[in-house]
Colleague: 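Sharing a structure here in structure tokens format.
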Amino acid sequence: MFQSYESVANPAQGIARTARLREELAARGLDGFLVPRADEHQGEYVAPRSERLQWLTGFTGSAGAALVLRDRALLFVDGRYTLQARAQVDAATFAVESLVDTPPARWLGANAAQGWRIGFDPWLHTIAEARALRAALDEKGGELVAVDGNPVDAIWEDQPEPPHAPVELHPESLAGESAADKLSRLAAAVAKVGADAAVLTDPSSLAWAFNIRGHDVPHTPLALGFALIAADGRHALYMEAKKLGAEADAHVRALAALRPPQALETDLAERAAAGGRIALDPQLAAERLRLLVEAAGGTVVEMPDPARLPRATKTAAELAGSRAAHRRDGAAVTRFLHWLDGREPGSLDEIAAASALEAVRRQVGEETQMPLRDISFDTISGAGPNGAIIHYRVTTLTNRRLRSGELYLVDSGAQYRDGTTDITRTVPVGTPDEDMRTHYTLVLKGMIGISLLRFPAGTRGCDIDAVARLALWKAGLDYAHGTGHGVGSYLSVHEGPQRIAKTGTEKLLPGMILSNEPGYYREGRYGIRLENLIVVTPPQAIPGGDIAMHGFETLTLAPFDRRLITAGLLTAEERAWLDAYHARVLAEIGPMLDGAALGWLERMAAPL
């Protein structure tokens, strides 16, 4: 489950595979077909069997979609992946479009010919996505056609089998709440909206609600499946029984009926036929489920996944676990940074650096009796110009040495049973130039701005995103990604609904963990990103103030590289925050270091 550095992108295959797909579409009477980077659960990470977009195009990013038409093909990616897509995809076969500015629905609305029949797999698109696509085609007299059997699967001869990894129990001591109590809360929420049952389609919600974890997808401890949360408490979990050992089987059956995944459609149709009101999250649930319920005569009640906010607002036990995980992880990252600082420029490459970091995490996990279960995502290990590729994934084909006069960006994380981590640090290789120091300090100012922020109840992520960008904006600079994403508790490193971004419309609530990661990227030269995880704190009174204010507690503990900081660009308040943060880092993880590593940390953490 740990990271592989082999390249799976092969642009040369794109033209042949696209040609075969066009033959399949012609046989079905379709003018085009959408291939999203998605599975039936709409998660960020998918099992190898569901990597249809990667197989077709060569693009390995975590978000994107292809539209294959009779005479052309397009790949839609967001700003994180623009450079990566150009490198991985055959430009003669796929034109790259913006997933943000011109997503497939908007592109079809502007470019579709009259009467186009565009196919889609209704298991791989949400209700909201299908609605937007259908509306765009309706305006052109076209049709969105739900296919029976994915045409990519029809031509993918060596498609992997579905995953069947074992399920394990997540201790209540780490979860902070029993599964029975969680399910009671969810049932009450379903009843409150007047629904008979809700379908949980997000495996993170299943993992949280049933206090289980799995290994069906890379880097995120999920067991793929669905759940029917009934208002009357008669729940069902749709998952392969062979995934569950005796203990997990007994645990699940005490909470819900255990049903095979293929029974979901039958059970849902029976409920719908009896006049059932079924709650589905239009942003998460597959369009196939809506079609099934309505075809059987039932009513769809649109409702956000009832587990999403309870899962996002961590319990006291989860927060305690996260703090412990971050102390352990901070010690590992600091040991790595010390080791890295002692390497001669040019003696190390990106893969060797990422492998060394993973090895140190394993070592610290063993020392502290809380083993590293997995990395939380493929490590972004970018030297020089590769650091400017926002979500760069090093492979044996792109592997680059860390050379003198360049910057090295490493964005990594870990999965421990008590918490999920995600940290980014950027360090100089040799002596940095003045532009590097200036840009690094501007990014640091943005991070500190978020860290110092106080805000009233009801504040959303979009309300504060600009705080992290202000120093960069004043210099005419910006970055093409959000400032922060939600993070789970031994779950997904990218957890919704909370985020700090222009699109972050969810209110920030106490217990929500988010990343704080502004950046700056100079194409062809270097990338700078600094990332800590933070948690929203309960509102507290401010002396002389009228309104109690929320704030952020920083969880991540590792030093910033003082060689890249231009102290004169920091305000007195910013310097005070940085000195206090470094003092805390030294106090909390210093005892986990010794010898040269401890001496190095003492120098890095000294007051400016």
Colleague: Would you say that T299 contacts I278 through its side chain, given a criterion of any heavy-atom pair below 4.5 Å between the two side chains?
Modeller: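 Heavy-atom side-chain distance check fails, nothing below 4.5 Å.
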Colleague: Report the C-alpha distance between K445 and E574 in whole Å, list the side-chain angles of each, state the deciding distance to 0.1 Å, and finish with yes or no for salt bridge (Lys or Arg N to Asp or Glu O under 4.0 Å).
Modeller: CA-CA 7 Å; K445 285 171 71 72; E574 290 166 345; 2.8 Å; yes
Colleague: Is the shortest distance from a Lys or Arg side-chain nitrogen in D249 or R253 to a carboxylate oxygen in the other one below 4.0 Å?
Modeller: yes
Colleague: When rounded to the nearest 0.5 angstrom, what distance separates CG in L309 from OG1 in T313?
Modeller: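 L309 atom CG to T313 atom OG1 measures 6.5 Å (nearest 0.5 Å).
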Colleague: Scan side-chain atoms only and decide if Y521 and R529 contain a donor-acceptor pair under the 3.5 Å cut-off.
Modeller: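 Looking only at side-chain atoms, R529 and Y521 do form a donor-acceptor pair, the distance falling under 3.5 Å.
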Colleague: Let's go through E588 and R323 carefully: what are the C-alpha distance in whole Å and the side-chain angles of both, what is the deciding distance for salt bridge (Lys or Arg N to Asp or Glu O under 4.0 Å) to 0.1 Å, and is it a yes or a no?
Modeller: CA-CA 11 Å; E588 294 203 34; R323 293 184 186 104; over 6 Å; no
Colleague: Could you please spell out the steps behind the salt bridge (Lys or Arg N to Asp or Glu O under 4.0 Å) verdict for D202 and R308?
Modeller: CA-CA 9 Å; D202 183 348; R308 64 180 193 140; over 6 Å; no
Colleague: Does NZ or CZ of R328 lie under 6.0 Å from the centre of the six-membered ring of Y416, at an angle within 45° of the ring axis?
Modeller: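 Output yes; distance and angle both within limits.
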Colleague: So, S322 and D418: side-chain donor and acceptor under 3.5 Å apart, yes or no?
Modeller: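 Note: S322 and D418 side chains miss the donor-acceptor criterion.
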Colleague: Closer than 3.5 angstrom, by distance alone: can the side chain of T459 be matched with the main-chain N or O of K507 as a donor-acceptor pair?
Modeller: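 No.
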Colleague: Closest approach of E495 and V487, non-hydrogen atoms and distance?
Modeller: OE1-O, 3.3 Å
Colleague: Using a 3.5 Å distance criterion without hydrogens, assess whether the side chain of E553 forms a donor-acceptor pair with backbone atoms of T537.
Modeller: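 Side chain of E553 to backbone of T537: no pair is present.
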Colleague: Can a side-chain donor-acceptor contact be found between R311 and S205 if the only test is distance below 3.5 angstrom?
Modeller: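 Present: a donor and an acceptor within the cut-off.
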Colleague: Please enumerate all residues that pass salt bridge (Lys or Arg N to Asp or Glu O under 4.0 Å) together with E40, with sequence neighbours excluded.
Modeller: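 Applying salt bridge (Lys or Arg N to Asp or Glu O under 4.0 Å) to E40 gives none.
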Colleague: Do T420 and Q415 have side-chain atoms, one donor and one acceptor, less than 3.5 Å apart?
Modeller: yes
Colleague: Does R37 count as lying over the ring of F59, i.e. NZ or CZ under 6.0 Å from the six-ring centre, within 45 degrees of the axis?
Modeller: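 Cation-pi check for R37 and F59: fails.
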Colleague: Check whether the ring centres of F377 and Y45 lie less than 6.0 Å apart, and answer yes or no.
Modeller: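 They do not qualify: ring centres at least 6.0 Å apart.
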Colleague: Are side-chain N/O atoms of T421 and D329 paired as donor and acceptor at under 3.5 Å?
Modeller: yes
Colleague: Tell me which pairs pass ring pair (Phe, Tyr, Trp, His ring centres under 6.0 Å) where either residue lies in residues 308-333, with sequence neighbours left out.
Modeller: none
Colleague: My understanding is that only residues two or more places apart in sequence, or in another chain, count here; which of them pass side-chain hydrogen bond (donor to acceptor under 3.5 Å, both in side chains) with H550?
Modeller: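 So H550 forms no side-chain hydrogen bond (donor to acceptor under 3.5 Å, both in side chains) with any residue.
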Colleague: Is a donor on one side and an acceptor on the other found under 3.5 Å between the side chain of T220 and the backbone of L222?
Modeller: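 Checked: no pair found.
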Colleague: Only one of E51, Q54, Q84, H391 passes side-chain hydrogen bond (donor to acceptor under 3.5 Å, both in side chains) with T60; say which it is.
Modeller: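 Among E51, Q54, Q84, H391, the one that satisfies the side-chain hydrogen bond (donor to acceptor under 3.5 Å, both in side chains) with T60 is Q84.
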Colleague: Restricting to salt bridge (Lys or Arg N to Asp or Glu O under 4.0 Å), what partner residues turn up for E302, sequence neighbours left out?
Modeller: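 For E302, the residues satisfying salt bridge (Lys or Arg N to Asp or Glu O under 4.0 Å) (neighbours in sequence not counted) are R131.
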Colleague: Using the side-chain hydrogen bond (donor to acceptor under 3.5 Å, both in side chains) criterion, which residues pair with E531? Sequence neighbours excluded.
Modeller: T424
Colleague: Would you check if the side chain of T556 reaches a backbone N or O of L533 as a donor-acceptor pair within less than 3.5 Å?
Modeller: yes
Colleague: Check this for me: does any side-chain nitrogen of one of K243 and D216 sit under 4.0 Å from a carboxylate oxygen of the other?
Modeller: yes
Colleague: Could you tell me whether the side chains of Y238 and D267 share a donor-acceptor contact shorter than 3.5 Å?
Modeller: yes
Colleague: side-chain contact (heavy atoms from CB on, under 4.5 Å) between L514 and L508: does it pass, once the steps are laid out?
Modeller: CA-CA 10 Å; L514 301 109; L508 300 179; 4.2 Å; yes
Colleague: Between the side chain of Q42 and the main-chain N/O of W123, is any donor-acceptor distance below 3.5 Å?
Modeller: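 Yes, because the side chain of Q42 sits within donor-acceptor range (under 3.5 Å) of the backbone of W123.
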Colleague: Y81 and F76: aromatic ring centres closer than 6.0 Å?
Modeller: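 No, too far apart.
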Colleague: Looking at R460 and G504, would you say the former's side chain and the latter's main chain have a donor-acceptor pair under 3.5 Å?
Modeller: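 Between the backbone of G504 and the side chain of R460 there is no qualifying donor-acceptor contact (under 3.5 Å).
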Colleague: With sequence neighbours left out, which residue pairs that include part of residues 280-292 fulfil the side-chain hydrogen bond (donor to acceptor under 3.5 Å, both in side chains) condition?
Modeller: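 Listed by first then second residue: R134-E287, E265-R288, E287-R290, R290-E294.
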Colleague: Applying salt bridge (Lys or Arg N to Asp or Glu O under 4.0 Å), can you list everything that pairs with E247, at least two apart in sequence or on another chain?
Modeller: none
Colleague: Please enumerate all residues that pass salt bridge (Lys or Arg N to Asp or Glu O under 4.0 Å) together with D196, with sequence neighbours excluded.
Modeller: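 For D196 there are no salt bridge (Lys or Arg N to Asp or Glu O under 4.0 Å) partners, ignoring immediate neighbours.
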Colleague: With S412, which of R425, R361, E358 fulfils side-chain contact (heavy atoms from CB on, under 4.5 Å)?
Modeller: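 Going through the options one by one, the only one that passes is R361.
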Colleague: Distance check, rounded to the nearest 0.5 Å: L183 atom CG versus S178 atom OG?
Modeller: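 Reported to 0.5 Å precision, the distance equals 8.5 Å.
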Colleague: Any idea which heavy atoms bring A285 and L289 closest together, and the distance?
Modeller: CB-CD1, 4.4 Å
Colleague: Considering all heavy atoms of both residues, which atom of R277 and which atom of G194 are nearest to each other, and what is their separation?
Modeller: NE-O, 2.7 Å
Colleague: Mind listing the closest non-hydrogen atom pair of L255 and A179 along with its distance?
Modeller: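 So the two residues come closest at CD1-CB, 3.6 Å.
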Colleague: Nearest 0.5 angstrom please: D374 CG to Q3 CD, how far?
Modeller: 10.0 Å
Colleague: To the nearest 0.5 Å, tell me how far L186 CG sits from L200 CG.
Modeller: 6.5 Å
Colleague: Spell out, as yes or no, whether a donor-acceptor pair under 3.5 Å connects the side chain of S492 to the backbone of H494.
Modeller: yes
Colleague: Nearest heavy-atom pair of L372 and A414: which atoms, and what distance?
Modeller: CD1-CB, 3.5 Å
Colleague: Treating N516 as the side-chain partner and M447 as the backbone partner, does any N or O pair qualify as donor plus acceptor under 3.5 Å?
Modeller: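 Yes; judged by distance alone, with no hydrogens or angles, the pair exists.
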Colleague: Please name all residues satisfying side-chain hydrogen bond (donor to acceptor under 3.5 Å, both in side chains) with T505, sequence neighbours left out, ordered by chain then number.
Modeller: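 Once residues adjacent in sequence are excluded, T505 has no partner under the side-chain hydrogen bond (donor to acceptor under 3.5 Å, both in side chains) criterion.
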Colleague: Looking just at side-chain N and O atoms, do H485 and D422 make a donor-acceptor pair shorter than 3.5 Å?
Modeller: yes
Colleague: Looking only at side-chain N and O atoms, does H219 offer a donor or acceptor that is under 3.5 Å from a partner on D378?
Modeller: yes
Colleague: Partners of P559 by side-chain contact (heavy atoms from CB on, under 4.5 Å), sequence neighbours excluded?
Modeller: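 Checked P559 against side-chain contact (heavy atoms from CB on, under 4.5 Å); matches are T334, H582, V585, W600, L601, M604.
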Colleague: Side chain of D232, backbone of R234: donor and acceptor closer than 3.5 Å?
Modeller: yes
Colleague: By side-chain contact (heavy atoms from CB on, under 4.5 Å), which residues pair with R469, not counting sequence neighbours?
Modeller: D465, W473, D478, Y479, T483, K502
Colleague: How long is the span from the CD1 atom in I500 to the CD1 atom in I450, to the nearest 0.5 Å?
Modeller: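 Interatomic distance, I500 CD1 to I450 CD1, rounded to 0.5 Å: 5.0 Å.
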Colleague: Not counting sequence neighbours, which residues clear side-chain contact (heavy atoms from CB on, under 4.5 Å) with P371? List them please.
Modeller: none
Colleague: Do R213 and L491 come close enough that some side-chain heavy atom pair is under 4.5 Å?
Modeller: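 When only atoms from C-beta onward are counted, L491 and R213 do touch, with a gap below 4.5 Å.
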Colleague: Tell me yes or no: between the side chains of H170 and N211, is some donor less than 3.5 Å from an acceptor?
Modeller: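 Result is no, nothing qualifies.
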